[in-house]
Number of protein chains: 2
Amino acid sequence: MKEETHDKRKCPSHLSTTECTKMLLPVKDALDVLSGKWKLQIILSLTFGKKRFKQIQREIPGLTPKMLSKELKELEINQLASRHVYDTLPVSVEYELTTYGKTLKPLIGELHKWGSTHRKRIIAGK
Amino acid sequence: MKEETHDKRKCPSHLSTTECTKMLLPVKDALDVLSGKWKLQIILSLTFGKKRFKQIQREIPGLTPKMLSKELKELEINQLASRHVYDTLPVSVEYELTTYGKTLKPLIGELHKWGSTHRKRIIAGK
DNA sequence: CAGGATCCGTAACGATACTG
DNA sequence: CAGTATCGTTACGGATCCTG
């Protein structure tokens with residue numbers, strides 16, 4: 001099974017360095033937005049549906065409110081997640097992925113898939 | 001002071017909190033190995049074929065030899081990349097993805113894809 | 001409950017210079 | 001060329017307490 005038809009992702013040794021650099025730009029952009037220890041885990045958590053602050057924190061071991069708050073703000077700024085405040089007593093806040101945030105699902109899917117096999121590899125005793 | 005009777009609070013509609021946490025584990029494992037500002041960019045660079053140290057550095061703007069050296073070592077430790085020294089004068093060293101490292105291609109592919117659309121979104125003026 | 005404020009140690013990263 | 005060494009900065013991230 002030959003995978004490449006006319007894939008633009010051909011950058012063997014004969015292509016210029018600057019061309020290779022250009023290929024890297026989108027990856028860098030993605031990384032800028034998704035970087036950090038928690039963001040992708042939070043996004044994965046939110047792919048299951050709306051969540052309250054505390055619940056997200058419960059689901060992700062080691063995540064402190066300070067970091068969660070900070071990461072959620074960045075996700076909001078990048079329009080990947082949205083915040084909804086409900087006037088209950090005490091106040092409750094829900095977060096959910098935006099439509100744009102949901103476009104990350106395939107990426108998260110791959111990450112989860114690779115992580116699963118990698119995990120087995122580690123446990124098997126690398 | 002804990003008032004929770006049991007941790008069986010709803011995650012989405014059918015998953016418990018602990019089950020959600022489990023889903024997150026593989027993602028966390030993947031992140032542990034791929035973390036940092038440069039690793040994924042280096043891997044992408046290597047998906048195009050063997051590269052020498054200096055060439056990788058040239059292709060990734062802002063990457064210093066110190067960081068490149070450090071990241072390559074970690075990739076080696078995790079068996080994602082391999083190092084080959086050639087007894088030339090001066091010495092030349094080539095890096096390439098291992099078979100295992102190549103299993104990251106689908107993930108990088110998604111990252112590149114998402115990053116491309118995200119880049120357009122940014123440039124369009126979010 | 002949802003978070004902000006503060007303090008503080010560590011780890012990541014950057015710039016520059018230097019060696020075999 | 002392929003890295004190291006050194007130094008300095010910034011970001012990460014934990015702990016604790018506090019507020020609306």
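Here is the naming used below: chain letters follow the sequence lines, and residue numbers restart at 1 for every chain. Not measured: the values here are computed from a predicted model.
Rounded to an integer number of Å, the gap from NZ of K54(B) to C1' of dA2(D) is 9 Å. Regarding K51(A), its NZ atom lies at a distance of 13 Å from the P atom of dA2(C), rounded to whole Å. Atom C1' of nucleotide dG3(D) and atom CD1 of I42(B) are separated by 14 Å, given to the nearest angstrom. Computed from coordinates, the K50(A) NZ to dA2(C) C1' distance equals 17 Å when rounded to whole Å. Note: CD (E94(B)) to P (dC1(D)) measures 14 Å, nearest angstrom. In this structure, CD of Q57(B) is placed 10 Å from C1' of dG3(D), rounded to the nearest angstrom. Per the geometry, CD belonging to Q55(B) stands 17 Å off C1' belonging to dG3(D), to the nearest Å. D87(A) has its CG atom 17 Å from the P atom of dC1(C), to the nearest Å.
Overall bending of the helix from dC1(C)-dG20(D) to dG20(C)-dC1(D), expressed as the angle between end axes built from five pairs apiece, is 50° (10° steps).
Judged purely by distance below 3.5 Å, without hydrogens or angles, the side chains of E59(B) and S45(B) pair a donor atom with an acceptor atom.
Listed by first then second residue, pairs satisfying salt bridge (charged side-chain N to carboxylate O under 4.0 Å, His left out) with a partner in residues 80-102 of chain B read K50(B)-E94(B), not counting sequence neighbours.
In this structure, S69(B) contributes its side chain and K66(B) its backbone to no donor-acceptor pair below 3.5 Å. Remark: the backbone N or O of T98(A) is not paired with any side-chain donor or acceptor of S82(A) at under 3.5 angstrom. Remark: the backbone N or O of T17(A) is paired with a side-chain donor or acceptor of T21(A) at under 3.5 angstrom.
Checked for salt-bridge contact, E110(A) and K113(A) meet the test: a charged N lies under 4.0 Å from a carboxylate O.
With rounding to the nearest 0.5 angstrom, the OH atom of Y95(A) is 10.0 Å from the NE2 atom of H84(A).
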Assign a letter to each nucleotide of nucleotides 4-20 of chain C from its 5' end: B, base within under 4.0 Å of a protein heavy atom; S, sugar-phosphate only; -, no contact. S-BB-----BBB-----

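In this structure, R121(B) satisfies the cation-pi test against Y100(A), with its NZ or CZ atom closer than 6.0 Å to the six-membered ring centre and inside 45 degrees of the ring normal.
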In sequence, state the C-alpha distance, the side-chain angles, and the governing distance for S35(A) and K37(B), and then conclude on side chain to side chain donor-acceptor pair (under 3.5 Å). CA-CA 8 Å; S35(A) 69; K37(B) 196 170 170 179; over 6 Å; no

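At least one side-chain nitrogen or oxygen of Y95(B) sits closer than 4.0 Å to the OP1 or OP2 atom of dG3(D). Contact between the side-chain N/O atoms of R52(B) and the OP1/OP2 oxygens of dC1(D) is not found at any separation under 4.0 Å.
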